[in-house]
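Each remark here refers to the structure printed beneath this line.
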Amino acid sequence: MDKAYSPQEVENRLYQKWLDEECFSGKISENKDSYSIVIPPPNVTGVLTMGHVLNNTIQDILTRRARQEGHSVLWLPGTDHAGIATQTKVEQALRKEGTSRRDLGREKFLEKACEWRDEHGGIIFKQLQKLGCSCDWERSVHTLDKDYSDAVLEAFVKLFERGYIYRGKRMVNWCPVSLTALSDEEVIMKPQTSKLYKIRYEIVESPGQYVQISTTRPETIMGDVALAIHPDDERWPNLQGKFVRRPLQPTEIPIIADAAVEKDFGTGMLKITPAHDQLDFEIGQRHDLQFVDLFNPDGSLNEFAGADFEGMDRFDARKAAIEKLKAQGDLIDEETHENNVGFSERADVPIEPRLSEQWFLKYPRVEEAKQAVRDGHIKFFPKRWEKTYLHWLENIRDWCISRQLWWGHRIPVWYRKGEPRSDSVNWFVGINPPDDIENWEQDEDVLDTWASSWLWPLATLGWPSEKAMKEKGLDYFYPTSALVTGPDIIFFWVARMIMAGLEFKGDCPNEISLLPENEISKRIPFKEVYFTGIIRDADGRKMSKSLGNSPDPLELIAKYGADGLRHGIMSIAPKGQDIRFSEERIEQGRNFCNKLWNVCRFRQMSGSPKDNSNFEFICSRLDQSKFTTDDHAILLRLSQTLDEVNKLYQEYEFNSVLHAIYHFFWTDFCDWYIEVSKPRMTDSEDKETCLAVQDICIRQILLLLHPFTPFITEELWSLLGYANGKTIQVFSPGKGADLLKKLSEQGFDLKNESLEEVSKTRELITLLRALKAERNLANNRNVEFFYIGNSNDETAINHNQSSILAMVGAAALKKAEAAPTGLPATVTPLGTFFLDLSAGVDIESERQRLTKESESLVKIIKGIEAKLGNSSFVDKAPVQIVEGAKTQLADNQSKLQETHEALQALQ
RNA sequence: GGACGGCUAGCUCAGUUGGUUAGAGCGACUGGUUUACACCCAGUAGGUCACAGGUUCGAGUCCUGUGCCGUCCACCA
């Protein structure tokens, strides 16, 4: 073994070995319980980000742990075609080649896009493999695979048949750059500093008299078809029913009254442009107004805007409109105004509310989806996200599922040629085209990407094909065990998958009534959802490509190893809180691996183990008569750690799991047990028992760590002879009780009191080291101590003498009958210790130190005495608390007494 | 405008039903080539638990209010 662990070679070799041995393949084994996770599919052309590292490390930890526990595990990977994102990238590439998708036409464009996907796609799989992810790669699914596409279309047709899907002309969120409609969820509201303009409209019936409105969008005035006031607004008793003259594209428009108008905003009078605003659209419908659409799809103005504006971009038109109004004297005022404007998530430009004919989905199984989470069929971690989820479902609105893109699942609807598409008699909806195809033309649009990925847990397991479901084990692996994802897609994906599962899994397809409880628990797509935090940079900013503040995970792997990266990221990921990334933590992860490597190297240097190949063999190497307090204590601590870890896993407290293992490994095992082992190596029988204990501990540490750091643990598993040809992946660290039982069967019943003895001894050592360090004697191993203590202290000290001497770095501990004079002293749990100094002592500085110590003890004692003197404390507090306080008081009083004696002894 | 989260050592965070003297890692400082590991070891310093009230024998922990930071939701043009 080399002095330092070098991950690269190990990681590449072991990953290939795991693949060759098919360790990750998700098999249907009826005699085992299944454990399954479907990956949140990354964009097919995406590359690994720190977010992926976090998310997939967690999934890998869960799946590896489940494998260790004997489940038949499936972690199903795949990629998403990511409609808008990918199409945008391909179009950019085409532009560079001097062409465009329109030039190419649909068919050629899709060919290009597929080529592009095949060339740039799948990189992320290689990267996930670098990270060590134990996905069943043979089962990879892409959302545009034939089978998956069939599932998407089948879902569309079923929902249509069941009455959930309809086509209609509605106000949608239009992206003028991507040239498509978007769902509400794809619109990001951003606070903006806008201008609020006050504009006058002349009253037709009273020439020379004006009313004023407030607007942030003067470029839509040409589309105004009315002005509106609140019906109860007493400021304008006679205005309703009169007409005003529109100041741009002049015409006469009515003044109407509608309760949706806010009296207190602006002038209290609202211009109504039904084609360009959601509220205006609703008012327009109520009052049967005309809809004047002023915009082209790309956000420029059309002929209805008039010659002055036609062809102009919407923001240029805004300026032009203001200039013109100013020139006409109709602009009364302008002021800055803070408001929220919706932006396209992808293109990052303001959304245009636009009237357009689209396909909409009325969500199925909304009630059951609420119930599934509310009643605990699906558990959220952290639980608080349940509220967010439920709130969204309470206020759910129909989903615009059609997209004016080419890259995606084409909507399975055909229209009779030459007939109006808005009339459903001219529709044909089906997975296969109509027989007389020459009379029909297919809808040009595709489905929203999320309208395919919401089927992910079902369709990746073969739904709806009976044959595929059987082969892929839908009944065995579904519902999946856990979903690991970010809270940012709780609406986009999590909620929708739940509804899709409830609607499509199982029979009773046409039943609209509520599902019974037992059906809900069978249909849900997953039983538990773990929401990760968002990774931020050191300044707390979200990591993003544009900020350039996201480190490249592959560089980190090259620098620190995949295990180091995984360890680092998991150590800073508290449950459900955002994560501040720091490269130092990754460095610590690497350091941890190196420490693990070295302790194993040290073990190797002490001599090859006789037989480590199973737990019982190791136990048989233990000799009862050579068992020490430290042996008892370390094994007890190990059993405690096993229990702690089991408990924390159930709560998805990954960083606490890691912390518990870390603490046992580093503090208890390396800093203590290995150190006290050293003096024991001189006696051959003692040595054999001690090494067997080390082997038990290292074995369990490797097993506990394996989900977090799979490579190094597999490597050491084999190097230390635990493997016997078998991978570490199928061995469970087990429960604390299992360990104690196995030891007991071999005749080793661990003594609980050993824990206290060890902790006292350790405290003693720390205090003696400090005493030396303060006198600059840290490196002098020839110092001697005197101590005064009771017979129990003496027993314990004799018991642990050799470790104390070795670890303090001292030559002798001598019992004294009375406090020696003139020596620096320290009060320990095992008596008062005096450092024997051959050289002189600075009495004054010793006095100061001990005086300070005694003052602080007096303060503590006074506090406890006050508490115990308070009759309501003594009467009301539980007995054990009062007793605890009394013990504490006695302890501190005797410590104070000893300190005083040490002070007196100084003269 | 609503909802949720955070505020504990210089930094990042633990602190589970209120109960002994509030912890860890990193960083800082001091010392160190002892039979693994300087990617290491030993030691030291460092905290009015955001603020203000309240409940209680007892509050970092529970209640009320305030402030700051962050996230999500919401049709005030």
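A, B, ... follow the sequence lines: proteins, then strands. Residue 1 opens every chain. The model shown is predicted, which means the values in this text are computed figures rather than measured ones.
The stretch residues 864-885 of chain A participates, sequence neighbours left out, in these salt bridge (charged side-chain N to carboxylate O under 4.0 Å, His left out) pairs: E883(A)-K886(A).
Only the C1' atoms considered, C26(B) is 29 Å distant from U20(B), to the nearest whole Å. Distance check on atom C1': A59(B) versus G18(B) gives 6 Å, rounded to whole Å. Comparing the C1' positions of A24(B) and C69(B) gives a spacing of 25 Å, expressed to the nearest Å.
Residue R397(A) places its side chain closer to C75(B) than to any other of G43(B), C75(B), C40(B). Side-chain proximity of M605(A) to C57(B), G43(B), A36(B): nearest is A36(B). Each of C73(B), C41(B), C39(B) was ranked by its minimum atom distance to the side chain of F491(A); first place goes to C73(B).
Inspection of the S677(A) and Q694(A) side chains reveals an N or O donor paired with an N or O acceptor under 3.5 Å.
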Distances under 3.5 Å between nitrogen or oxygen atoms of protein and nucleotides 1-5 of chain B:
from, atom 1, to, atom 2, distance (Å)
A3(B), O3', K387(A), NZ, 3.3
C4(B), OP1, K387(A), NZ, 3.0
G5(B), O2', Q577(A), OE1, 3.2

Protein-nucleotides 9-11 of chain B N/O pairs closer than 3.5 Å?
none

Check: Could you run down nucleotides 16-26 of chain B 5' to 3' and tag each one B, S or - for protein heavy-atom contact under 4.0 Å?
Finding: B--BBB--SSS
Please tabulate, one pair per line, all N/O donor-acceptor pairs under 3.5 Å involving side-chain atoms of residues 218-227 of chain A, not counting sequence neighbours.
from, atom 1, to, atom 2, distance (Å)
E219(A), OE1, R318(A), NE, 3.0
E219(A), OE2, R217(A), NE, 3.1
E219(A), OE2, R217(A), NH2, 3.1
E219(A), OE2, R318(A), NE, 3.4
E219(A), OE2, R318(A), NH2, 3.0
T220(A), OG1, R217(A), O, 2.8
T220(A), OG1, K271(A), NZ, 2.6
D224(A), OD1, K271(A), NZ, 2.7
D224(A), OD1, T273(A), OG1, 2.8
D224(A), OD2, Y201(A), OH, 2.5

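Here D330(A) pairs with R200(A), Q328(A) under the side chain to side chain donor-acceptor pair (under 3.5 Å) rule; sequence neighbours left out.
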